[in-house]
Amino acid sequence: MSETTIAARPPEPDFSAVTTEELRAYRDAENRFRASSAARTILGEPDTGAAIVWQEVALPGRDLPVRVYRPAPTGDDEAAARTDLPLVVHVHGGGFVGTAVQCDWTNSHLAAGLPALVVSVEHRLLAPDSPLANAADDGWDVLQYVVRHAAQWGVDPARAAVFGESCGALICALTAIRAREAGLELKAQVLVNPVVDVTETMFDYPSIAEYAYNPTRALPQLRLIQRFAVPPGADTSAVSPLYADDLSGLAPALVVVPTQDAVADHGRRYAERLQAAGTSARLTEYPGARHAFLTLPGVEPQAEAAQAEILAFLRAALPK
């Protein structure tokens with residue numbers, strides 16, 4: 001995959017009436033914009049201390065692109081210090097739209113600052129023919145693959161964490177649960193403005209009512225995500241971490257919640273459930289910040305503070 005240097009941002013369609021063809025055209029155009037140099041003014045410039053490349057991971061039945069961030073070589077310490085890096089598997093947000101490139105600012109700073117190998121999953125996006133279970137499998141399968149091939153990737157499999165935003169945070173929360181069940185020990189999970197409920201109660205939260213259409217038109221997009229999340233008749237709770245039967249014994253969590261966000265109460269409730277189950281969970285709220293603020297350092301003044309908190313949290317969880 002490659003980035004486009006110039007692209008115009010498309011207008012949002014009417015998500016309540018959009019056809020499948022219109023949605024595909026919109027997300028292709030939107031992702032071209034997010035991967036363009038024009039978007040850097042709002043998405044931020046990558047840290048020059050990290051090298052960024054696309055790679056493909058051969059998974060069962062599919063080859064999946066991942067965007068890999070590695071500390072840039074620094075001379076004499078390159079061979080000694082870059083072979084057992086901690087691993088951070090990242091999952092971008094967006095649900096039915098989005099690309100790993102939109103998170104270059106965040107992930108490059110993590111790779112350079114920890115330092116760590118950050119692998120960002122270009123997961124299958126939600127669509128009528130691609131339910132949330134597909135994206136959840138992508139996140140989990142990439143984590144397993146890199147851990148199994150740790151020497152090839154230059155990582156220490158005993159120091160691994162997951163990190164995601166919005167729908168990507170949902171995928172990471174599910175991944176943390178699957179890791180516990182599989183006996184794969186994660187050291188941390190970072191969940192930023194997470195969506196954790198796609199059941200019939202998805203919209204039954206005060207923050208949904210308060211921020212449904214301001215500062216962004218969140219509700220139509222969330223309804224579209226819910227519609228695509230599971231096939232008709234399937235169990236929505238199976239892909240809703242908030243309704244997991246057992247949240248004990250999971251990796252320590254940092255839950256980051258922007259307060260002017262329709263899904264702010266999703267994050268709050270999930271942090272409460274983790275804590276009630278005995279899993280270490282720190283909830284941090286950023287007053288006045290909007291959904292996806294972490295990926296928008298050019299327009300969201302609190303993005304840098306949140307980035308610094310995430311870096312400190314992961315540095316403590318993934319010591320040398």
Side-chain angles (χ1 to χ4, degrees), residues 1-5 34-37 39-41 43-59 63-92 99-123 138-139 141-165 168 172 186-190 192 294-295 297-298 303-304 306-320:
M1 299 182 70
S2 62
E3 284 88 314
T4 306
T5 56
R34 296 186 190 194
S36 72
S37 57
R40 294 295 190 195
T41 57
L43 300 178
E45 293 290 342
D47 191 314
T48 56
I52 307 172
V53 297
W54 282 107
Q55 292 183 217
E56 283 203 341
V57 173
L59 299 176
D63 292 333
L64 194 71
V66 295
R67 194 156 172 85
V68 180
Y69 308 78
R70 186 182 294 273
T74 57
D76 294 341
D77 69 340
E78 178 183 355
R82 311 286 181 192
T83 57
D84 60 348
L85 291 166
L87 168 67
V88 178
V89 171
H90 170 267
V91 188
H92 68 79
T99 170
V101 184
Q102 72 197 37
C103 304
D104 278 358
W105 178 78
T106 300
N107 287 333
S108 63
H109 277 80
L110 285 182
L114 281 172
L117 181 77
V118 181
V119 179
S120 190
V121 183
E122 192 79 343
H123 60 83
D138 290 342
D141 288 348
V142 168
L143 172 65
Q144 289 188 99
Y145 182 92
V146 179
V147 167
R148 282 200 306 265
H149 300 85
Q152 174 185 332
W153 287 78
V155 298
D156 176 359
R159 293 188 294 151
V162 292
F163 161 40
E165 301 134 62
C172 287
L186 292 175
K187 295 299 185 184
Q189 53 179 318
V190 177
V192 181
L294 182 64
T295 62
E304 290 192 9
Q307 167 73 10
E309 181 185 20
I310 293 166
L311 179 62
F313 178 77
L314 289 175
R315 186 175 285 141
L318 303 168
K320 295 181 180 179

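Residue numbers run from 1 in the order of the sequence given.
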- Query: Do Asp104 and Arg40 have side chains that get closer than 4.5 Å, going by heavy atoms?
  - Reply: yes
- Query: Can you name the closest pair of heavy atoms from Ala150 and Pro157 and give their distance?
  - Reply: CB-CD, 3.7 Å
- Partner residues of Ser120 under the side chain to side chain donor-acceptor pair (under 3.5 Å) criterion, sequence neighbours left out: His90
- Aromatic rings His92 and His123: how do their planes relate, parallel, tilted or perpendicular, breaks at 30° and 60°? parallel
- Report the distance from atom CG of Asp138 to atom CG of Leu64, rounding to the nearest 0.5 Å. 4.5 Å
- Note on the structure: Between Ala58 and Asp63, the two heavy atoms sitting closest are CA-OD1, 3.4 Å
- Between the main-chain N or O of Ala100 and the side-chain N or O of Glu122, is there a donor-acceptor pair closer than 3.5 Å? yes
- Query: Tell me, do Val88 and Val190 make a side-chain contact under 4.5 Å, heavy atoms counted?
  - Reply: no
- Query: What are the two closest non-hydrogen atoms of Thr295 and Cys103, and how far apart are they?
  - Reply: CG2-SG, 4.0 Å
- What are the two closest non-hydrogen atoms of Cys172 and Gly164, and how far apart are they? SG-N, 3.6 Å
- Does Asp47 have any side chain to side chain donor-acceptor pair (under 3.5 Å) partners at least two apart in sequence or in another chain, and if so, which? none
- Query: Which atom pair, heavy atoms only, marks the closest approach of Leu314 to Ala161?
  - Reply: CD2-CB, 3.9 Å
- Which residues share a side chain to side chain contact (heavy atoms under 4.5 Å, CB included) with Ala317, sequence neighbours left out: Ala188
- Is Leu85 close to Arg70 at the side-chain level, that is, under 4.5 Å between some pair of heavy atoms? yes
- Task: Using a 4.5 Å cut-off on heavy atoms from C-beta on, say whether the side chain of Trp153 contacts that of Val57.
- Result: yes
- Considering all heavy atoms, the nearest Pro46-Ser108 contact: CA-OG, 3.4 Å
- Can you tell if the side chain of Phe163 reaches within under 4.5 Å of the side chain of Ile310, non-hydrogen atoms only? yes
- Going by the side-chain hydrogen bond (donor to acceptor under 3.5 Å, both in side chains) test, which pairs reach into residues 307-320, not counting sequence neighbours? Arg282-Glu309, Thr284-Glu309, Tyr286-Glu309
- Item | From CG (Leu87) to CG (Leu114), nearest 0.5 Å | 11.0 Å
- Item | Spacing of CD belonging to Gln189 relative to CZ belonging to Phe313, to within rounding of 0.5 Å | 8.0 Å
- Hey, are the side chains of Leu110 and Tyr69 touching, using non-hydrogen atoms and a 4.5 Å cut-off? no
- Give, for atom CG of Asn107 and atom CZ of Arg67, the distance between the pair rounded to the nearest 0.5 Å. 9.5 Å
- Message: Within the structure provided, determine whether Val119 and Val155 are in side-chain contact (heavy-atom separation under 4.5 Å).
- Response: no
- Taken in chain and number order and not counting sequence neighbours, the residues that satisfy side chain to side chain contact (heavy atoms under 4.5 Å, CB included) with Pro297 are Trp105, Ala303
- Give, for atom CG of Leu117 and atom CG of Asp84, the distance between the pair rounded to the nearest 0.5 Å. 11.5 Å
- Message: Would you say CD of Gln55 has more than 12 non-hydrogen atoms from neighbouring residues, nucleotides or ligands within 6.0 angstrom?
- Response: yes
- Sequence neighbours left out, what passes side chain to side chain donor-acceptor pair (under 3.5 Å) with Gln102? Give chain and number order. Arg34
- Note on the structure: residues 155-164 vs side-chain hydrogen bond (donor to acceptor under 3.5 Å, both in side chains), sequence neighbours excluded, gives Asp156-Arg159
